[in-house]
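To start, the structure itself, in C-alpha cells.
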Amino acid sequence: FVINSLFSGAYRIPGRLASRHYRFEEGRAFQAQALEVDEHDHEARLLLAFDLLRLGKDAEARGELEAVFAADPYSVRAYNLLEAADAIDGFETVDRGIFRLQLPEYEKNLMGDDLLALLDEASELYEEKYKIDLKTPVVVQVFDDHDVFMVRSVGLPGSAGHLGICFGQLVTMDSPRARPLGSMNWRRVLWHEFVHVITLQKTNNRMPRWLSEGISVYEEYTGDDAWGQRLDANFESVVNGNGYPTLEDLNRYFTTPGSATELMFGYFASGEFVKFYVDAYGHEALLRVLDRIGQGENTTDVVVAESQETASELNLRFDAHMRVRCASFDQLAEHSVFKMGLA
C-alpha cells in the first residue's frame with residue numbers, strides 16, 4: 001500500500017476530533033503538524049486558530065486568522081472571528097490574582113468589581129474543595145453583544161440559549177446587556193462556568209459533558225440556594241418516554257438529545273446523579289473519580305468502582321433517588337394548569 005506523505009489531513013482530522021472533545025492542546029499540536037506537512041492547508045490553519053482561541057491565546061490566534069483570510073477572503077468563519085477579535089481589542093483588561101477579566105469599558109465600570117469578587121469567592125472555595133491548583137491566568141471574557149460572544153466561542157452567531165461557555169482556562173459569557181431584560185442571572189452563569197474551570201482542569205479536559213454539567217449544576221446550590229436546575233413538569237414526558245436514566249444513559253441527553261426538553265432534563269438528571277453520588281459515597285469518592293478520569297480511565301468504570309458497588313446496585317439506588325425526586329410531577333402539572341388558567 002502507499003503512504004501519502006503530503007496528506008496533511010492525517011493530522012488535521014484527528015486534531016479536529018480532539019478539539020471536539022475539548023482536548024484543545026492536543027488539537028493545536030495536531031494542526032501544527034498538519035501545517036508542517038502542508039503550509040497551504042488553510043482549514044488546518046483555521047482549526048489551529050480555533051484551538052489557540054479556546055486556550056486563551058488570542059494574539060497568536062489573530063495571526064493565524066489573518067493568514068487564513070489573506071489566502072481565502074471568502075472564509076466566513078475567519079471573517080467573523082477577526083471581527084470578534086476587533087471587538088475584544090476594544091475591551092478593558094483587568095488582571096487580578098489568577099484572573100484576567102476582559103469586557104467593554106462601561107461594563108467594567110458597572111460590574112467589574114462584582115465579577116472579580118465572585119470569582120475570588122469561588123476560587124477560594126473550589127480550589128480547596130477539589131484539591132487543585134489552577135493553570136493561570138483564568139481568562140473571563142464578557143460580551144455585551146450575544147452574536148459576538150457566540151462567534152468568539154464557536155465561530156458562528158446565533159444559539160440564543162447559550163449564556164456562557166467554558167473551555168478549561170477560558171470562560172466566555174454574555175453580560176446582562178446582551179440578553180432580554182430580566183432573563184439572565186449573571187452570577188449564576190459565572191459560578192456555573194467557573195466550576196467547569198475547576199473540573200475540566202482537574203480531569204485534563206477528559207471528562208464527559210454529563211459529569212461536567214452535573215457537577216456545575218450540583219455546585220450551583222453551593223453558590224445560592226435559589227440556583228440549580230429545578231424539576232420541571234415538562235420532564236415527565238421524558239421520563240414517560242425513556243424511563244428513569246441509568247448512569248450509562250446520562251451522556252446521551254447531551255450528545256443526541258431528542259428535544260430541548262430532553263437536553264434540559266439531562267442537566268437536571270446529571271446534577272441529581274452527582275448529588276446522589278456524593279450523598280451516598282462521599283465527596284472524596286467523587287474526587288477520586290475525577291483524578292482517575294484525568295489519568296485516562298473510563299468514566300463509567302471509575303464511577304462504579306469508586307462506589308464500591310456493582311453497576312446494577314448503583315443504578316438501582318440512583319433510580320430510587322430519581323423516583324423520590326420526581327414524585328411531585330402531579331403537583332407541578334396542576335400548578336402549571338393553574339398558572340395557564342390565569343394567563
Side-chain angles (χ1 to χ4, degrees), residues 8-104 108 133-143 145 147-157 164-173 193-194 196-197 200-201 204-206:
S8 55
Y11 299 104
R12 173 177 19 90
I13 294 168
R16 185 180 67 233
L17 293 174
S19 296
R20 284 182 181 175
H21 289 86
Y22 272 49
R23 305 287 288 277
F24 304 118
E25 192 58 58
E26 290 92 331
R28 181 206 61 76
F30 273 120
Q31 303 309 338
Q33 286 181 286
L35 290 168
E36 287 182 10
V37 173
D38 179 5
E39 65 179 2
H40 300 296
D41 186 340
H42 304 307
E43 180 67 17
R45 195 173 297 281
L46 181 63
L47 291 171
L48 173 61
F50 268 120
D51 288 326
L52 291 169
L53 285 169
R54 290 160 180 172
L55 290 166
K57 302 179 185 297
D58 287 26
E60 293 179 48
R62 177 183 273 277
E64 302 297 343
L65 289 169
E66 288 175 345
V68 172
F69 193 65
D72 179 10
Y74 296 100
S75 172
V76 174
R77 289 179 295 172
Y79 175 82
N80 285 343
L81 287 165
L82 284 168
E83 288 283 292
D86 288 342
I88 294 169
D89 283 346
F91 283 5
E92 293 288 307
T93 297
V94 182
D95 288 306
R96 192 172 86 186
I98 67 170
F99 296 105
R100 175 168 296 158
L101 179 63
Q102 297 178 312
L103 69 175
K108 168 185 167 289
D133 293 319
L134 292 174
K135 299 174 186 175
T136 59
V138 175
V139 181
V140 178
Q141 295 177 338
V142 182
F143 296 84
D145 184 307
D147 282 340
V148 177
F149 153 62
M150 287 306 301
V151 167
R152 167 64 180 87
S153 304
V154 301
L156 293 171
I165 300 177
C166 176
F167 299 98
Q169 199 171 334
L170 166 72
V171 171
T172 57
M173 62 179 285
E193 298 304 329
F194 181 74
H196 283 313
V197 173
L200 286 172
Q201 290 199 28
N204 299 312
N205 280 34
R206 289 174 170 166

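Keep in mind that this is a model prediction, so the values were computed, not measured.
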Practice task
Could you walk me through whether Val171 and Ile165 pass side-chain contact (heavy atoms from CB on, under 4.5 Å), step by step?
Solution key: CA-CA 6 Å; Val171 171; Ile165 300 177; over 6 Å; no
Contact summary for [X] and [Y], nearest pair of heavy atoms:
{"X": "Leu134", "Y": "Val138", "answer": "CD1-CG2, 4.2 Å"}
{"X": "Arg152", "Y": "Asp58", "answer": "NH2-OD1, 3.1 Å"}
{"X": "Leu81", "Y": "Val151", "answer": "CD2-O, 3.2 Å"}
{"X": "Glu64", "Y": "Ala49", "answer": "CB-CB, 4.0 Å"}
{"X": "Val68", "Y": "His42", "answer": "CG2-O, 3.8 Å"}
{"X": "Phe167", "Y": "Leu200", "answer": "C-CD1, 4.2 Å"}

Exercise for the section: Answer whether the closest heavy-atom distance between the side chains of Arg206 and His21 falls below 4.5 Å. Expected result: no
[Y] backbone acceptor or donor facing [X] side chain under 3.5 Å:
{"X": "Gln31", "Y": "Arg12", "result": "yes"}
{"X": "Arg45", "Y": "Glu39", "result": "yes"}
{"X": "Gln169", "Y": "Val139", "result": "no"}

Handout entry: Working for side-chain contact (heavy atoms from CB on, under 4.5 Å), residues Lys108 and Gln102
Key = CA-CA 8 Å; Lys108 168 185 167 289; Gln102 297 178 312; over 6 Å; no
Practice task
Flag yes if more than 12 heavy atoms outside Phe91 fall under 6.0 Å of its CZ atom; otherwise flag no.
Solution key: yes
Handout entry: Partner of Gln141 under side-chain contact (heavy atoms from CB on, under 4.5 Å), chosen from Leu170, Leu103, Thr93
Key = Leu170
Quick one: [atom1] on [X] to [atom2] on [Y], what's the gap to the nearest 0.5 Å?
{"X": "Ile88", "Y": "Thr172", "atom1": "CD1", "atom2": "OG1", "answer": "9.0 Å"}
{"X": "Lys57", "Y": "Leu48", "atom1": "NZ", "atom2": "CG", "answer": "11.5 Å"}
{"X": "Arg16", "Y": "Glu43", "atom1": "CZ", "atom2": "CD", "answer": "7.0 Å"}

Fill in the blank from the handout: Contacts of Ser19 meeting side-chain contact (heavy atoms from CB on, under 4.5 Å) (sequence neighbours excluded), chain-then-number -> Phe24, Asp51
Exercise for the section: State which residues pass side-chain contact (heavy atoms from CB on, under 4.5 Å) with Phe30; sequence neighbours excluded, sorted by chain then number. Expected result: Tyr11, Pro14, Gln33
Problem - Step-by-step side-chain contact (heavy atoms from CB on, under 4.5 Å) determination, Leu101 to Arg96 - result: CA-CA 8 Å; Leu101 179 63; Arg96 192 172 86 186; over 6 Å; no
Problem - Donor-acceptor side-chain pairing of Asn205 and Glu26 below 3.5 angstrom - result: no
Handout entry: Residues Arg77, Asp72: salt bridge by 4.0 Å N-O rule
Key = no
Handout entry: Residues Asp89 and Arg62 bridged, charged N to O under 4.0 Å
Key = yes
